[in-house]
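Numbered from 1 within each chain, the chains take letters A, B, ... in sequence-line order.
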Amino acid sequence: MITMDNYKGKVRPDWCPGCGNFSQLRAITEALVQLNISPENVVITSGIGCSSNMPEFINTYGYHGLHGRLVPVAAGIKWANPDLKVIAYGGDGDGFFEGTQHFYHFAKRNVDITYMVSDNQVFGLTTGQASPTTPIGIVTKDTPDGNIEPPFNPLHYALTAGASFVARGFSGDIKGLTEITREAIKHRGFSFIDVLSPCTTYNKFNGYEFYRKAVYKLENNDKTDFYQAYKLASEWGDNHAIPTGIFYEVDKPTYEDADEVISKISLKNTDPYKLSEEDLQEFY
Amino acid sequence: MITMDNYKGKVRPDWCPGCGNFSQLRAITEALVQLNISPENVVITSGIGCSSNMPEFINTYGYHGLHGRLVPVAAGIKWANPDLKVIAYGGDGDGFFEGTQHFYHFAKRNVDITYMVSDNQVFGLTTGQASPTTPIGIVTKDTPDGNIEPPFNPLHYALTAGASFVARGFSGDIKGLTEITREAIKHRGFSFIDVLSPCTTYNKFNGYEFYRKAVYKLENNDKTDFYQAYKLASEWGDNHAIPTGIFYEVDKPTYEDADEVISKISLKNTDPYKLSEEDLQEFY
Amino acid sequence: MESTVIRIGGAAGDGVQSAGLILAKSLSRNGLYISTYNYYQSLIRGGESWYQVRASENVVKNQGSGLDILIALNEDALNRHTNPGINEGGASPLSGIAIFDGEMITNYKKYQNIKYCPIPLRDIALKYDKNSLLKNTVALGATMAALGLGFDTFSGVIQEVFGKKGKVAELNVSAAKDGYDYYLKTYGIFKKLHPVNRKLYIASGGEAVGLGAVNAGMQMYFAYPMTPASSALHFFANHAKKYNLFVKVTEDEISAINAAIGANYAGVRAMTGTSGGGFALMSEAVGLAGMTEVPLVIYEAQRPGPSTGLPTKTEQGDLNQILGAGQGDFPRIVLAPGNVTEAFDLAKEAFNLAAEYQLPVFIMSDLYLAEHVETLNNIDLTYKMEHGLIAQDNDPNFKRYEFTESGISKRAIPGQKGLMHNEDSDEHDEYGNVVSDEITDPKIRSLSMEKRMRKLETYKKNMPPTNAYRADGAENLISQWGSTKGVVEEIVDDLIDEGFSIGALEINHVYPLNPDIAGHLKNRNRIIVVENNFSGQLNRLIKSEFLVKTEFIGKYDGEAFYPDELKARVRQMLNIQYENVKIGGDK
Amino acid sequence: MESTVIRIGGAAGDGVQSAGLILAKSLSRNGLYISTYNYYQSLIRGGESWYQVRASENVVKNQGSGLDILIALNEDALNRHTNPGINEGGASPLSGIAIFDGEMITNYKKYQNIKYCPIPLRDIALKYDKNSLLKNTVALGATMAALGLGFDTFSGVIQEVFGKKGKVAELNVSAAKDGYDYYLKTYGIFKKLHPVNRKLYIASGGEAVGLGAVNAGMQMYFAYPMTPASSALHFFANHAKKYNLFVKVTEDEISAINAAIGANYAGVRAMTGTSGGGFALMSEAVGLAGMTEVPLVIYEAQRPGPSTGLPTKTEQGDLNQILGAGQGDFPRIVLAPGNVTEAFDLAKEAFNLAAEYQLPVFIMSDLYLAEHVETLNNIDLTYKMEHGLIAQDNDPNFKRYEFTESGISKRAIPGQKGLMHNEDSDEHDEYGNVVSDEITDPKIRSLSMEKRMRKLETYKKNMPPTNAYRADGAENLISQWGSTKGVVEEIVDDLIDEGFSIGALEINHVYPLNPDIAGHLKNRNRIIVVENNFSGQLNRLIKSEFLVKTEFIGKYDGEAFYPDELKARVRQMLNIQYENVKIGGDK
Ligand SMILES: Cc1ncc(C[n+]2csc(CCOP(=O)(O)OP(=O)(O)O)c2C)c(N)n1
Ligand SMILES: Cc1ncc(C[n+]2csc(CCOP(=O)(O)OP(=O)(O)O)c2C)c(N)n1
Ligand code: SF4
Ligand code: SF4
Ligand SMILES: [Mg+2]
Ligand SMILES: [Mg+2]
């Protein structure tokens, strides 16, 4: 039996007090425990940002790579070894700016990984610039006259890309977040979770208070209805107008299912092909 | 009066006989003539690909840059000088693979440029590999066992991004393409045109014959209805099932409208700020 | 050099940096030259952080060794900075007075050479605000008293800094005064500084690059945030409205540099800026600017690599990357300011060079230079904008890439009548037409390569002479580039005083190397190259260009050189018998 | 060296390349060594194109000077390749026989030294197919006759090549026979080649890298298509099913290299490949592999830059880029095969080096090497896969980045029990924990830098000796890297025959430079560095490393060196009095 202890990292998280990332750490750990997965079979890849420091704080294999590049690294790992559970964990700047192209194309490919974004609507680690999800009008270090860049809608993006699991969580609701995370990890295919994650230091506009009033939980939505999901994802407001939960979930073949080679074998557990004199015949 | 002659380039296009790009060259030229725009006020930026050789073949200012980067170059030009008409012209590999992130974010910003893609569903210039729009199952140089990568839907992408003008043309219908192009250039904001453009050399699956039978023209669609546009963009089939025309067109503020500085002045036509001793006061 | 070093130590989030800036400003307003050092972590809260200000009546060239006054905001800081065994990458432990809250900090080891001056910072602060947020202000007041400086100049700064908040400014002034009085009454002046009647400005290297760029007519800035390039981004963003700047943060660095290329191509001065990792992503487009001959200024503020490395520390490890950026050979110019004033000057120079030579020009900085604040020395706001060669409208003989002797050809800006042409990343002929479309022309290809590369030869003839410092007739020479200028010059002074024959050579025009350097290298007993990196990247360049034997002193622990530290290493080198430098060993 | 050169010239789309390949295969099956040259444009149809095959009983080291047989598929080709004034970047005009359709091509200038052999190619082809598609086959048949080779071997190749199409093969054989007979009857044997009874394989450099990689246990390949790296991509894609390879074209090069890093981290041998522009985009991730110490093999096939440059031409202009890729200092290894056989061998070596030293290893090729076909010489399929240091499951003392003397530490592969750890792009300690989070540790930072860089010192001790060619006691030395090996060695032979004292040094382990090179450079009269680029990128490296005076011969017109061309340049250099190389002038 796997317990929370198995996942306890050696390094104490150094996020600011109250930072949303603590909840995500908790939710991921709990979900893995609930699914009884051994830490050695889990890899967490991350980008660069406050959120992306996660792999240091949990006792799994961790690969803390480059800003925006966590998704291709995760896919490379999964394709090499299908026995691993691979979770990519990063920030909104990380995934919706620097890594925009990878998020889309790997979601489209429906690679069997889980991608969770700590969406604090701000660049945390670089001390508070506007991120792709910063609302219009917000003053940040690089938008002293107020942000004018239209915000990025992560759920619309994931849906359009063809992700087979699209959800939104909230750091203030660890229980709900854990459930979503568990389902995402269980899901076969590309699962995406956008987490509304307060940044207590640089996000002075949308914090716990705001979200506590603003969010509500999806119930009875038809998770296979693309347009319903898309429309729900357009909802945003301050009075229980922001849906959380699983917006979309369908069962469809993964990229791995379609590939001639890795649909049949695990490369990690298969000896490489041995070339013989015969193979040279085509060069004769 | 501007005539076709004003736009005649000094270099003869070296595309293969029958290549769709000839039609786009024609359509762009005609549209500019119809709008009576002087060649010196037009800049065409392009990426790398057969399509991207366009700027050499037309007598405007041309900037033939890097694979996938034509859109940021175009925006940089427009932001520097709002008096210019800026058209970004590239390929499907160029824009939907290498330049995925730019297409989305500049469409979202609603920068006032026109982006036309010669969508031949294949990498032409590199001699026939699968592109982001190659259908499943197609055999190409790098998919000898058939393509398994789910195709990219350019219209969905542009719509989700927030482009304010989204259209599809067909190289086999120069008249229709010219009209769309003219409207796109006239449009204030980010206008996107995906052109179904046969590659007579490497695309043996979807050519003129296929498209002639498959396309139909949109009429009476509500161009301000996002979901209608989105659904129409999902249609694809071989019996007059592929809509062409303008899917979506709305009037909304451009990025330039929102920016404090360039909403008021043309940087190109304004002398740079002159620093004075007084400006140093804040460093005292 | 006679100077005074004051350090404020605390945790991230304690306001160490803003207190340090007030201190720096206050000393500067007393007519003193200053230079600061900012030590912090890639972490938002907690973690150790400190800020050091060095002040003197004479020009202050670096952060300085020695530590005269310590303001310790927590116990850890007091213990750390007084412990002679602890040496933060070269920083000195305290030998002077310690200012701290004696009621909050009680558990500390006492050292002989330190005068402990506890002050009830919190109690005083509580008089003005129930969260005792004004502690730092109280401590700063005390410091001014310890330095024997008047209260008024300091209070002026306080008022200005907190001015926008009205009442807040008033409270701060009162708290500061209490600290000031308490210290004076209890401990008396520690070390008297003498105000000088002159007006000095202070700025960080990032701000100075920003000021220089604006002075040079830059109107557009494109970037993606990255420490330590962000100080320039924030400067531009904060002054966008005032200076009519278009400032755009794009989705990534690739977009930023391509947009900057578009803007420059359209005839507006635009810059892009980033640090090493972001620059790596830009490198393809550097070649684009090189090939299409679009003027482009790139600001690269280095931090220690490889990869994410130490995001809040300093190093000069990106020269190889800048020199190698982009496939193939094409001309580029690399400038590396040695201090904040040069950051201003070279930013101005960069824009004219880019316009005149139509190529990418780099301003290389590093975290130390970009983020530390220093006195601006002889700022000259006059500027003659060189537009380079621009064709006349409707010129019938216009060839965008004409094969000229200088290698420079006339540009045409979109919108100009009758000059429509194509700028191409493919190899092209004089008109801009691609040479490889129907049949590749090996001859034209060669001529085009030679034309572009000729720009460097032309430039080499027009480069300003290389800055030598007390090097005439010196037996030994220290060569450096970028932010190590100040520390090297200071130790040269000291070593000359000690009787050594030594001078310095500042290479702030790093590429191409000025041919005049050959003369400077001649007839030296030993040539020591000092760089804030591991492998000696400039050293490699010097060796390949001038085939001289050199010795290398590197530092790669994330901190800048401190004068005492570097002096000791150079002195040791000078004291040992000169042995042939092992061939192939540049480490 | 006695050899025969046959060239097929036509327009893009004329099937020049496939005809050339059939010719190469046919000659190879006659037991002759071959080497080819492919001249084409970045254009799909039209444009000039030609393909040259050089054959000999001895090892053929390059495409060769001279031209014995020309197959001209259009008028333009006939005129171009017979005109002594036209010199395509070094290629020789015809001095031998011209085979062409005398009815189609009538307008041409006649030269004395050429025997014109018109053949009714189209008429013969029309017998078999109404579109006369078999013209090329007829011409090839004629060529085999001109060379006095039997028809059977050739017809075997034709059958194999067109075999899948059944009837088509038959028609081609008949058409070929008609050409063969017509030529023999009309003109008689031109130059008799003698078949040798041995089995020789031929491959392009791209295929050879592919074969080597598969032989080395590579199981995954990630790329984004780019000429001239695509020959490897296509090889892998075509053999994916057979060799159990996972081949993935990603959305861009950044994704490709990051996925390859993920795969290698997960314990499967993976490679990524691209050309210069794509590699520029990868450069940030090279530093990631360097910092996290993930084994990674990168195949970089160069083409002429800057920027898009000449996409279908050849150059060696990316060495600076490879050496500078990624911010900061970190170890990397650069290999540059000199020919197709070395491409195979060094690909094998690369994977073991990456695993043993846990760092990025480059295989640098160029268009000439990657796309031209050559005889594979002594292919050895045995291979011992070195896994490097891997920790034991549950090792309680496991430290991922242990500070060892060699600089190499044990890895752990995800899935291994009890070895969970973090690999970090931030600077980290021995355990992989970030050093800058709470407080930066300058000491650990330095130790980590030194640990990583130490790997190069360890490697230097284990490098294979540098290949010298007839260099013992030679007064002069030509040094080169990569694909210029064959042409340099051949002209060394010729120049020795002419009485010069000269040898060659092949640097196919380009970085780090083998310390044994110092010995090879000693006591030479002159050292000439030959590179297919403008600025002498290896030359710069040699000079900085060994502080020797060198002379540089570069070529940057998009074509490879031809032996006669290079020989003339070297001979001229050797004949003029040796003057001191101007310091600072490496051009
Ligand atoms: C290529 C590159 N560009 C920029 C940076 C600088 N950088 C580090 S973290 C970050 C943004 C952090 O924001 P986000 O991804 O939202 O993460 P958060 O800190 O908010 O969790 C940036 C821009 C970098 N490390 N690499
Ligand atoms: C960074 C980079 N990667 C790869 C290439 C090679 N390349 C040139 S054109 C091209 C694809 C062309 O396909 P597409 O964009 O669809 O244009 P088309 O030729 O079909 O019009 C590629 C991959 C390149 N030039 N630059
Ligand atoms: S800055 Fe914001 S996101 Fe970063 S650790 Fe602090 S609270 Fe969390
Ligand atoms: S290869 Fe295709 S896209 Fe390219 S020019 Fe030919 S027909 Fe057009
Ligand atoms: Mg964030
Ligand atoms: Mg295409």
Please flag which part of B:Leu267 lies under 4.5 Å from any non-hydrogen atom of chain C: side chain, backbone, both or neither. both
Do you know which two heavy atoms are closest between B:Tyr61 and C:Leu419, and how far apart they sit? OH-CB, 3.3 Å
Roughly how far apart are C:Asn258 CG and B:Tyr63 OH, rounded to 0.5 Å? 7.5 Å
Are more than 12 heavy atoms from other residues, nucleotides or ligands located less than 6.0 Å from atom CD of C:Glu386? yes
Among residues 203-213 of chain C, those lying within the under-4.5 Å heavy-atom range of chain B are C:Ala203, C:Glu207, C:Leu211
I'd like to check the side chain to side chain donor-acceptor pair (under 3.5 Å) partners of C:Thr272; sequence neighbours left out, ordered by chain and number. none
Do you know which two heavy atoms are closest between C:Leu381 and B:Ser276, and how far apart they sit? CD1-C, 3.4 Å
Pairwise ring pair (Phe, Tyr, Trp, His ring centres under 6.0 Å) hits with a residue in residues 259-284 of chain B, at least two apart: B:Tyr273-C:Tyr243
OH of C:Tyr265 to OG1 of B:Thr45, rounded to nearest 0.5 Å, is 9.0 Å
Should we count NZ of C:Lys242 as having more than 12 external heavy atoms under 6.0 Å? yes
Among B:Val71, B:Asn41, B:Asn59, single out the residue with the greatest number of heavy-atom pairs under 4.5 Å to chain C. B:Asn59
Heaviest contributor of heavy-atom pairs below 4.5 Å to chain B, chosen from C:Ala266, C:Ser425, C:Pro414, is C:Pro414
If you measure from OH on B:Tyr7 to CE on C:Met420, what distance do you get to the nearest 0.5 Å? 8.5 Å
Structural part of B:Tyr104 lying under 4.5 Å from a heavy atom of chain C: neither
Around atom NZ of C:Lys410, are there more than 12 heavy atoms of other residues, nucleotides or ligands at under 6.0 Å? no
Out of C:Ile413, C:Ile261, C:Thr382, return the one with the most heavy atom pairs under 4.5 angstrom to chain B. C:Ile413
Take C:His239 and B:Asp279 through the test side chain to side chain contact (heavy atoms under 4.5 Å, CB included) and record every step on the way to the result. CA-CA 10 Å; C:His239 295 79; B:Asp279 295 313; over 6 Å; no
Within this structure, what is the NZ-CE distance for the pair B:Lys268 and C:Met220, rounded to the nearest 0.5 Å? 12.0 Å
Just do the side chain to side chain contact (heavy atoms under 4.5 Å, CB included) check on B:His64 and C:Asn422 with the steps written out, would you? CA-CA 7 Å; B:His64 185 188; C:Asn422 179 38; 3.9 Å; yes
So CG of C:Asp424 and OG of B:Ser46: to nearest 0.5 Å the spacing works out to 7.0 Å
Would you mind telling me which of C:Val157, C:Leu245, C:Val247 has the largest number of heavy-atom pairs within less than 4.5 Å of chain B? C:Leu245
Would one find more than 12 heavy atoms of other residues, nucleotides or ligands at under 6.0 Å from atom CD of B:Glu278? no
Could you go through C:Tyr431 and B:Glu56, starting from their C-alpha distance and side-chain angles, then the distance that decides it, and tell me whether this counts as side chain to side chain donor-acceptor pair (under 3.5 Å)? CA-CA 10 Å; C:Tyr431 295 93; B:Glu56 262 204 295; over 6 Å; no
Can you see which heavy atom on B:Ile77 is nearest to which on C:Gly262, and at what distance? CG1-O, 3.3 Å
Comparing C:Lys25, C:Glu284, C:Arg29 against chain B, the one with the most heavy-atom pairs below 4.5 Å turns out to be C:Arg29
With side chain to side chain contact (heavy atoms under 4.5 Å, CB included) as the criterion, how do C:Glu251 and B:Arg109 come out once you've worked through the C-alpha distance, each side chain's angles and the decisive distance to 0.1 Å? CA-CA 11 Å; C:Glu251 62 280 9; B:Arg109 293 175 187 128; 2.9 Å; yes
With only heavy atoms counted, which part of B:Ile265 is less than 4.5 Å from chain C, the side chain, the backbone, both or neither? side chain
Compare every heavy atom of B:Glu40 with every heavy atom of C:Gln416, then report the nearest pair and how far apart it is. O-CB, 3.3 Å
Please determine, among C:Asn264, C:Thr375, C:Leu200, the option with the most heavy-atom pairs under 4.5 Å with chain B. C:Leu200
Student check: side-chain heavy atoms of C:Ile379 and B:Glu277 closer than 4.5 Å: no
Among the listed options C:Gly418, C:Gly217, C:Ala240, C:Ser255, the residue most often paired with chain B at heavy-atom distances under 4.5 Å: C:Ser255
In short, B:Leu66 meets C:Ala285 closest at the heavy-atom pair CD1-CA, 3.6 Å
If you count the non-hydrogen atoms of other residues, nucleotides and ligands that lie under 6.0 Å from CZ in B:Arg26, is the total more than 12? no
State whether the side chain of C:Gln219 and the backbone N or O of B:Thr270 hold a donor-acceptor pair below 3.5 Å, judged by distance alone. yes
Decide if atom CG of C:Asn378 counts as having more than 12 heavy atoms of other residues, nucleotides or ligands within a radius under 6.0 Å. no
Rounded to the nearest 0.5 Å, the CG atom of C:Asn433 sits from the NZ atom of B:Lys10 at a distance of 8.0 Å
Given side chain to side chain contact (heavy atoms under 4.5 Å, CB included), test C:Ile257 with B:Arg69 step by step and report yes or no. CA-CA 10 Å; C:Ile257 190 170; B:Arg69 315 303 171 193; over 6 Å; no
Does any heavy atom of chain C fall under 4.5 Å from the side chain of B:Asp271, the backbone, both, or neither of them? backbone
Chain C contact via B:Ile48 - side chain, backbone, both or neither, heavy atoms under 4.5 Å: side chain
Give me the contact list for residues 252-262 of chain B versus chain C, heavy atoms only, anything under 4.5 Å, ordered by residue number. B:Tyr255, B:Asp259, B:Glu260, B:Val261, B:Ile262
